[in-house]
Each structure stands twice: as C-alpha cells, then as structure tokens.
K.L.:
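Sending over a structure as structure tokens; questions will come in a sec.
Order of listing sets the numbers, starting from 1, for every ligand and every atom in it. Values reported hereafter were calculated over all heavy atoms of this structure, with side chains retained and with hydrogens, waters and symmetry mates removed.
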Amino acid sequence: MSRTPVYNFGAGPAMLPRAVMEQARAEFLDWHGTGMSVVEMSHRSRHFVAIAEQSEADLRGLLAIPDNYRVLFLQGGASTQFAMVPLNLLAEDDTADYVNTGYWSGKAIKEAKRLGRVHVAASSEAENFLTLPKDKDWQLSEDAKYVYYTSNETIGGLEFPSVPETGGLPLVCDMTSNFLTRPVDVSRYAVIFAGAQKNFGPSGIAAVIVREDLIGRARPGIPSLYDYAVHAEANSMSNTPPTFSWYLCGLMFRWIVGEGGVDAMQARSLERSRALYAAIDASDFYQNPVDPRFRSRLNIPFTLPDPALEKTFLEEAGEVGLVTLEGHRSVGGLRASLYNGMTMEGVRALVDFMREFERRHG
Ligand code: PMP
C-alpha cells in the first residue's frame, strides 16, 4: 500500500518525513513487543514513561538545553502559551514588552492585554509588516518583566535572523514555526515555546522550555493547569497528556538526531527556501514583498500578477500533487511552507510547476 505522493505546503499541520510515518505505522499495533499500541497505553506505564523520557533527552540533546531549564510538553497548542506566559511571569500591575511583527505576535499581544500591562516596544505595522524592527530600536521598558517576540511570522513570512538583544531583560519567544530548524542558544531565553504541528510532530502538543527560576511564580488563583510549576512537578503528566502526539514528537526528534541534528535541518531549510526564492526573484510573474533581509526560510508567501489566476494556480497545482498552497485567509495570495518534513524534491516539483504555469499564463 503506497501513500499518494502529494507534497503538502500547508502552514500546519504539515508533512512529516516519510520514514517517521512508516515507523509509526510499523509500530502502531504493537509497540516494541508490548502487544499494545501507544494509543492504548497508560501514560503512567513504564513503556510510556520511557517514551516521554527519551523524547525529552533527545530534544535536550538537539538544542543543548542547559540543565537549569525545564522542558514541558503541554496541550492547548502554542496559543495557550499566549496566556500561560503572562499568567506565570507577569503580575496584574506588571508590564511586559511585546514586539509586534504581524499576525501571531498580534494575537499574543491581544491575549496578554487581557491579563496585564502590555507595552509595544516595537512594531512594523506602519511598514505593513513587510520588515522587522531592529532590536537596537526597540523601546524597552526598564521594569519590563519580559520581552516577547515571534521568531518567525508564519503568515507574513518573516524570520528574525538572530537572537535579539534585550540588555538583560528576560526574553520570551514564540518559536512555533521555526523551532528545530536551526541551532538556538537556549541560555539567551527565559521561555521558548513551539506548537509541534509544523516542524516536529502533529497538532495537540507544544514544547515549552522554561528557565527553572521562573517556575513557581504564577499568579495566585489561576487554574492549576495554567501554572508551569504544576506541569514541571508532574513531568508534564499532571493530567493525561496527548500520548500519541507526544510519541510522534519523540519519533521526529530521533529522526532529526539521525539526520544530523539542527545543523542539518538548517542547511536543508536554507537550500529549500533559496531555491524557491530564486525562482520567485527570477520571474516578474511571481512576487514576494518581504524585506530580503528578513525573508523566512519556512513560510514563503507569493503573489501572481492577477489575483484572479490564483484559483487556477491552486487547481492545477493540486492536479500534480502540490497541495495547500493558498495564503492565510487573512491575507490571501499564495504561500508555500517548507518545514522539516518537506523535501528538496517537493520544492523542485513546485518550482518546475511554477515555471510551467508562468509559461502558460504569463
Ligand atoms: N504562533 C505561531 C507563530 C503560529 O504559526 C501558530 C500556528 N499557525 C500559532 C502560534 C498557534 O498555534 P496553535 O494553533 O498550536 O495554537
């Protein structure tokens, strides 16, 4: 039985590597001779605890996570962290600094405003979110409890090339769309979080890396499942975790280790994105409007000279197995997301199709 070889360019849930999918299939009915599927296992069983421990060890190894950081695997996706970050790091009268670079940082700002004082320290809204504000121009508050930014704006297609400098203020990062696609100096951060469904697993789970001294300071009176301390204390098993999603993340971590780690993921993502940007830039037919210094390796929005052609583009692409190329519903246009599960063959197929489409419709 073969899987129809479509290339899924969606922004997430995204393609996972074929080898990971096949391993999950091979182990599905009987995990390691236990006679049980992972979906049927108690999260408290020694088998699942071994899966969980291995996944954490592999993630720690991949990012060289220092010992004074806890790794949590939590439900509620990345969006739940929009609330958990302020609930754990910010008292009601405290101020947090946020950098507004587009849709996802905007969502985080909106949520944080419900819970505390938010100072927007920098914004690229006036530039239509087509560039990123340089960290040296950020207007940080002296008493900010943390500075929050989004390392890759999934919809706008912008990526911070390096870790911003905050003059010692704790840095919080939504790394959802570029997590595990390049090395990260975790020691520069207070909190890093990422939903799994783009670069390292299925939806339903997020990895949260929190510096230990920031755990245990949650606001009194909040629901216990919003408190990092509760999850840290229980090794992310305060209640039943999304066991199968967690197991798949573990398979992805193993796969990344086997492929050469985050350095290899970075090299591949550069190769994939450069090929697609080169194709876009070589033509007058396709346009990507993002400041070239901040173009994302992971999400590449592009437009056609006539938006009326988009429907035809999507239909014809679909016919040759290139799917989910529509831009986010909030911005329209087209977008190709190239996460860890995407292959260079997929990008070549897309580039070939784009050339051919331009030839016929340009
Ligand atoms: N942050 C970023 C940068 C994202 O791209 C997304 C999902 N597209 C989210 C947060 C929200 O993730 P979730 O749907 O897991 O809550």
K.L.:
Same hydrophobic cluster for V208 and W246, using side-chain heavy-atom links shorter than 4.5 Å among ILVMFWY?
P.N.:
no
K.L.:
Which of the atoms in ligand 1, numbered in the order shown and given with their element, are less than 4.0 Å from a heavy-atom of G77?
P.N.:
15 (O), 16 (O)
K.L.:
Starting from the C-alpha separation in whole Å, work towards a yes-or-no answer on salt bridge (Lys or Arg N to Asp or Glu O under 4.0 Å) for E358 and R355.
P.N.:
CA-CA 5 Å; E358 178 177 359; R355 286 206 188 104; over 6 Å; no
K.L.:
At less than 4.0 angstrom from any non-hydrogen atom of F82, what atoms of ligand 1 do you find?
P.N.:
10 (C)
K.L.:
Against heavy atoms of Q197, which atoms of ligand 1 measure under 4.0 Å?
P.N.:
12 (O), 13 (P), 14 (O), 15 (O)
K.L.:
Tell me the protein heavy atom at minimum distance from atom 16 (O) of ligand 1, and give that distance in Å.
P.N.:
S79 OG, 2.5 Å
K.L.:
Could you tell me, atom by atom, which parts of ligand 1 come under 4.0 Å of a heavy atom of N152?
P.N.:
3 (C)
K.L.:
Suppose we measure from atom 3 (C) of ligand 1 to each protein heavy atom; which comes out shortest, and what is that distance?
P.N.:
T154 OG1, 3.3 Å
K.L.:
Quick test: of every protein heavy atom, which one is nearest to atom 8 (N) of ligand 1, and how far off is it to 0.1 Å?
P.N.:
K198 NZ, 2.8 Å
K.L.:
Judged by atom type as modelled, is there a donor-acceptor pair below 3.5 Å linking the side chain of Y189 to the main-chain atoms of R211?
P.N.:
no
K.L.:
Would you mind telling me which of K198, R297, Q266 makes a side chain to side chain contact (heavy atoms under 4.5 Å, CB included) with T181?
P.N.:
R297
K.L.:
Can you tell me which portion of T80 lies within the under-4.0 Å heavy-atom range of ligand 1? Options are side chain, backbone, both, or neither.
P.N.:
neither
K.L.:
Taking the six-membered ring for Trp, are F313 and F353 ring centroids under 6.0 Å apart?
P.N.:
yes
K.L.:
Fit a plane to each ring of Y148 and Y98, take the angle between them on a 0 to 90° scale, and name the class: parallel (under 30°), tilted (30 to 60°) or perpendicular (over 60°).
P.N.:
parallel
K.L.:
Is a salt bridge present between E356 and R359, judged by a nitrogen-to-oxygen distance below 4.0 Å?
P.N.:
yes
K.L.:
Kindly indicate, with the supporting measurements, whether the criterion salt bridge (Lys or Arg N to Asp or Glu O under 4.0 Å) is fulfilled by E326 and K311.
P.N.:
CA-CA 9 Å; E326 49 274 43; K311 198 165 159 279; over 6 Å; no
K.L.:
Tell me which part of E153 gets within contact of ligand 1: side chain, backbone, both or neither, using heavy atoms under 4.0 Å.
P.N.:
neither
K.L.:
Using a 4.0 Å cut-off to any heavy atom of D174, which atoms of ligand 1 qualify?
P.N.:
1 (N), 2 (C), 3 (C), 10 (C)
K.L.:
When you measure from the heavy atoms of M175 to every atom of ligand 1, does any distance fall below 4.0 Å?
P.N.:
no
K.L.:
Check each heavy atom of Y103 against ligand 1 and say whether those closer than 4.0 Å belong to the side chain, the backbone, both or neither.
P.N.:
neither
K.L.:
Minimum distance, heavy atoms only, to atom 13 (P) of ligand 1: which one of C173, A78, G195, G76 is it?
P.N.:
A78
K.L.:
Using a strict cut-off of less than 4.0 Å between a Lys/Arg side-chain nitrogen and an Asp/Glu carboxylate oxygen, indicate whether E271 and R268 qualify as a salt bridge.
P.N.:
no
K.L.:
Would you say ligand 1 has an N or O under 3.5 Å from any N or O of S177?
P.N.:
no
